[in-house]
> 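Quick one: structure below, then a few questions.
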Amino acid sequence: MSPNTLMTIGQQFSRRSWAEPWKIKMVEPLNMITRDDREKALAEAGYNTFLLRSDDVYIDLLTDSGTGAMSDRQWAGMMLGDEAYAGSRNFYHLEAAIQKFYGYKYIVPTHQGRGAEHLISQAVIKKGQYVPGNMYFTTTRLHQELAGGIFVDVIIDEAHDPQILHKFKGNIDLDKLESLIKREGAENIAYVSVAGTVNMAGGQPVSMANIKAVRKLADHHGIKVFLDATRLVENAFFIQEREDGYENRSIAEILLEFCSYSHGAWMSAKKDSLVNIGGWLAVDDRELFEELRNLVVVYEGLHTYGGLAGRDLEAMAIGIAESVQDEHIQSRIGQVRYLGELLTTWGIPIVHPVGGHAIFLDAKAFYPHLEQIKFPAQTLAAELYLDSGIRSMERGIASAGRNAKTGDHNYPKLELTRLTIPRRVYTQAHMDVVAESVRAAYETRDQTRGLKMVYEPKYLRFFQARFERL
Ligand code: PLI
């Protein structure tokens, strides 16, 4: 494999068609408003795609979070909701599914991922402790910081370069991790935070060899390892595809083995697990579980519903079992790759290799004339919406927020616009329309001047910030 080629790593592997292992039973009409109306809607939304009304959006690639289509089995499960306040039978179905497919002993349901992040951060982090992780995620880092932790990025350097081809760009750099432990002392490390298919790096996977080595190093120093399991099924797909010795192992087997190298995990089930709402936290340690169970009743709800209805728990239990089917995940990643390959063929700069849940447009390369403070990725998201009503998301300087100590903007190396593909929702023809819109924006890129931020919320500013055109 030539490191210079822009071919995605996925293209190097021979594969059969990824046609979806399902057919469509119900449809939801899409709405397309005129370009003039899109101009108005975008200005009213302060050039922030999070502030658009979904009625004004044609193809919604804002996020893959909670936007997937549930199966007929999941909808049938919704009718079997046991809405008892305590001890709902659906909780026990969910508990059994997590124990079977993720392998953890003790389960705490939460309303979504950040609910779980809040509980684990409060339970495990002592003020002033460091939390090394493979690149930050917005809500994860904020909860770690609100609990008094200091996040340290220990991902491999390759992850910060959109063009470098590496099979496992989500890997932890063991030297960076070890030197942090040596410098600060093991007692000052709260835990190692490992995310599967690293979102902000472009959905890049972690290898089995890497998580094994992280666990070994952590054990040596008496430090715990917790996973962000949000897109770990997608991570398992890349291990099956790329790592020696795993080509004949099922996704379910790989997932279980990966989790076995951790002490616990938190989950936004709105992604891999094919539900519109839900999350959980799972650990193997009884004492920690007791502490989490104490906290869940304060912040989420009783420990057998965690802020969710019984029907949501049932849909999640069924979604977990569907998510680990090999043919599901092959078609899921196949669709993302289809879009990536089209854009690559047309010379449009994207993050390589194509990751699990989205195509990330490289806004720095797209708009080389825009300095980062002019919000190139936010600008590109606005331009795509204007061109065709497609909604994408900024993952660059606006998402990176400010340095907790100095108050300056963080300037991430990656300045990306994310085209996130919801699961089981759009067709290949929708992907063609999206690719053509990106090409149209690329053709007029020289005319783009960028944005300035005119309103900045204190926390997670990218959700509600407002911008004006320069
Ligand atoms: O959106 P939540 O609270 O269910 O989950 C938070 C969360 C945690 N970890 C990771 C890796 C995420 O990607 C994540 C949420 N992601 C969103 C909303 C996204 O659009 O990527």
Side-chain angles (χ1 to χ4, degrees), residues 21-22 25 65-66 68-113 115-116 119-120 196 227-234 236 250-256 258-260 262 264-284 286 288-290 292-293 295-297 299-329 332 423-424:
W22 38 260
K25 188 180 307 213
S65 180
M70 293 207 298
S71 66
D72 53 359
R73 272 82 176 156
Q74 286 176 290
W75 280 108
M78 297 284 279
M79 296 304 293
L80 302 176
D82 167 9
E83 306 306 343
Y85 188 89
S88 159
R89 87 174 68 89
N90 311 113
F91 167 72
Y92 298 103
H93 296 167
L94 175 67
E95 186 183 53
I98 297 168
Q99 286 168 341
K100 177 172 174 191
F101 292 109
Y102 290 85
Y104 303 110
K105 243 191 204 157
Y106 303 114
I107 317 299
V108 177
T110 61
H111 79 282
Q112 61 182 85
L119 303 186
I120 188 93
L227 299 180
D228 181 336
T230 297
R231 297 185 184 85
L232 211 49
V233 178
E234 290 174 1
S250 70
I251 294 296
E253 287 169 332
I254 295 170
L255 180 68
L256 204 55
F258 200 95
C259 292
S260 74
S262 72
W266 66 87
M267 176 78 182
S268 170
K270 301 170 72 172
K271 285 81 165 175
D272 268 355
S273 306
L274 300 160
V275 286
N276 304 120
I277 193 73
W280 48 261
L281 193 52
V283 294
D284 282 335
R286 177 86 207 176
L288 176 56
F289 171 60
E290 298 290 349
L292 295 168
R293 257 201 333 190
L295 287 172
V296 76
V297 296
Y299 294 108
E300 298 282 313
L302 195 75
H303 60 278
T304 54
Y305 76 83
L308 296 164
R311 54 182 172 268
D312 299 325
L313 301 171
E314 190 64 28
M316 209 183 336
I318 298 169
I320 289 171
E322 290 181 2
S323 74
V324 299
Q325 290 169 3
D326 286 43
E327 57 279 17
H328 157 72
I329 199 71
R332 155 66 176 160
R423 294 166 183 78
R424 309 193 291 203

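Positions are given from 1, in the same order as the sequence printed here.
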> Which pair of non-hydrogen atoms, one from Glu234 and one from Asp272, has the smallest distance, and what is that distance?
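Reported closest heavy-atom pair: CG-OD1, 3.6 Å.
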> Between Arg311 and Glu83, does any side-chain N to carboxylate O distance fall below 4.0 Å?
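Yes.
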> Return the OG1 to CH2 distance between Thr110 and Trp266, rounded to the nearest 0.5 Å.
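Going from the OG1 atom of Thr110 to the CH2 atom of Trp266 covers 12.0 Å.
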> Tell me the closest heavy-atom pair linking Ala269 and Met316, and the distance in Å.
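Here Ala269 and Met316 meet closest at CB-SD, 3.4 Å.
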> Please give me the minimum heavy-atom distance between Ile98 and Ala282, naming the atom from each residue.
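Taking Ile98 first and Ala282 second, the nearest heavy atoms are CG2-CB, 4.4 Å.
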> Judged by atom type as modelled, is there a donor-acceptor pair below 3.5 Å linking the side chain of Gln74 to the main-chain atoms of Ile318?
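No: the side chain of Gln74 does not pair with the backbone of Ile318.
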> Passes side chain to side chain donor-acceptor pair (under 3.5 Å), Ser262 versus Tyr104? Steps please.
CA-CA 9 Å; Ser262 72; Tyr104 303 110; 2.7 Å; yes
> For the side chain of Asp326 and the backbone of Ile251, is there at least one donor-acceptor N/O pair under 3.5 Å apart?
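The answer is yes, because a donor-acceptor pair under 3.5 Å joins these two groups.
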> Tell me if the CZ atom of Arg293 is crowded by more than 12 foreign heavy atoms within 6.0 Å.
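Yes, the 6.0 Å shell around CZ holds more than 12 heavy atoms from other groups.
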> Less than 4.5 Å apart, any side-chain heavy atom of Ile320 and any of Val233?
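In short, these two side chains do not touch, never coming nearer than 4.5 Å.
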> Using modelled atom types only, decide if a donor and an acceptor are shared between the side chain of Gln112 and the backbone of Gly278 within a distance under 3.5 Å.
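No; judged by distance alone, with no hydrogens or angles, the pair does not exist.
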> Is it true that Arg423 and Glu322 have a side-chain N and a carboxylate O under 4.0 angstrom from each other?
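Salt bridge: no.
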> So Tyr106 and Phe289, would you call those rings parallel, tilted or perpendicular, with 30° and 60° as cut-offs?
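Ring orientation of Tyr106 relative to Phe289: parallel.
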> May I ask you to decide if Lys270's main-chain N or O and Asn276's side chain share a donor-acceptor pair within less than 3.5 Å?
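Not at all, since once roles are kept as given, no pair shorter than 3.5 Å links the two residues.
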> Please give me the minimum heavy-atom distance between Thr304 and Leu313, naming the atom from each residue.
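Looking at all heavy atoms of both residues, the shortest contact is O-CD1, 3.6 Å.
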> Between Ser273 and Val275 (side chain of the first, backbone of the second, donor and acceptor by atom type, cut-off under 3.5 Å), is there such a pair?
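Absent.
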> Of all heavy-atom pairs between Gly115 and Glu300, which one has the smallest distance, and what is that distance?
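Looking at all heavy atoms of both residues, the shortest contact is CA-OE2, 3.3 Å.
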> Measure the CE-CD1 distance between Met267 and Ile107 for me, rounded to the nearest 0.5 Å.
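CD1 of Ile107 is found 12.0 Å from CE of Met267.
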> What heavy-atom pair brings Leu256 and Tyr102 nearest, and what distance separates the two atoms?
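Shortest heavy-atom separation between Leu256 and Tyr102 comes out as CD1-C, 3.6 Å.
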> From Ile254 CD1 over to Ile329 CD1, what is the distance, rounded to the nearest 0.5 angstrom?
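Reported to 0.5 Å precision, the distance equals 11.0 Å.
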> Where do Leu274 and Met70 land on the side-chain contact (heavy atoms from CB on, under 4.5 Å) test, with the steps shown first?
CA-CA 6 Å; Leu274 300 160; Met70 293 207 298; 5.8 Å; no
> Just by distance, do the side chain of Asp82 and the backbone of Ser88 share a donor-acceptor pair under 3.5 Å?
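No.
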> Return the CZ to OG distance between Arg424 and Ser71, rounded to the nearest 0.5 Å.
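Reported value, rounded in 0.5 Å steps: 5.0 Å.
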> To the nearest 0.5 Å, tell me how far Leu302 CG sits from Phe91 CZ.
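Result: 9.5 Å between the selected atoms.
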> Backbone N or O of Leu80 within a donor-acceptor pair of the Asn90 side chain at under 3.5 Å?
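At least one qualifying donor-acceptor pair exists.
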> Roughly how far, to the nearest 0.5 Å, is the OG atom of Ser260 from the CG atom of Leu255?
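Leu255 CG to Ser260 OG: 10.0 Å, rounded to 0.5 Å.
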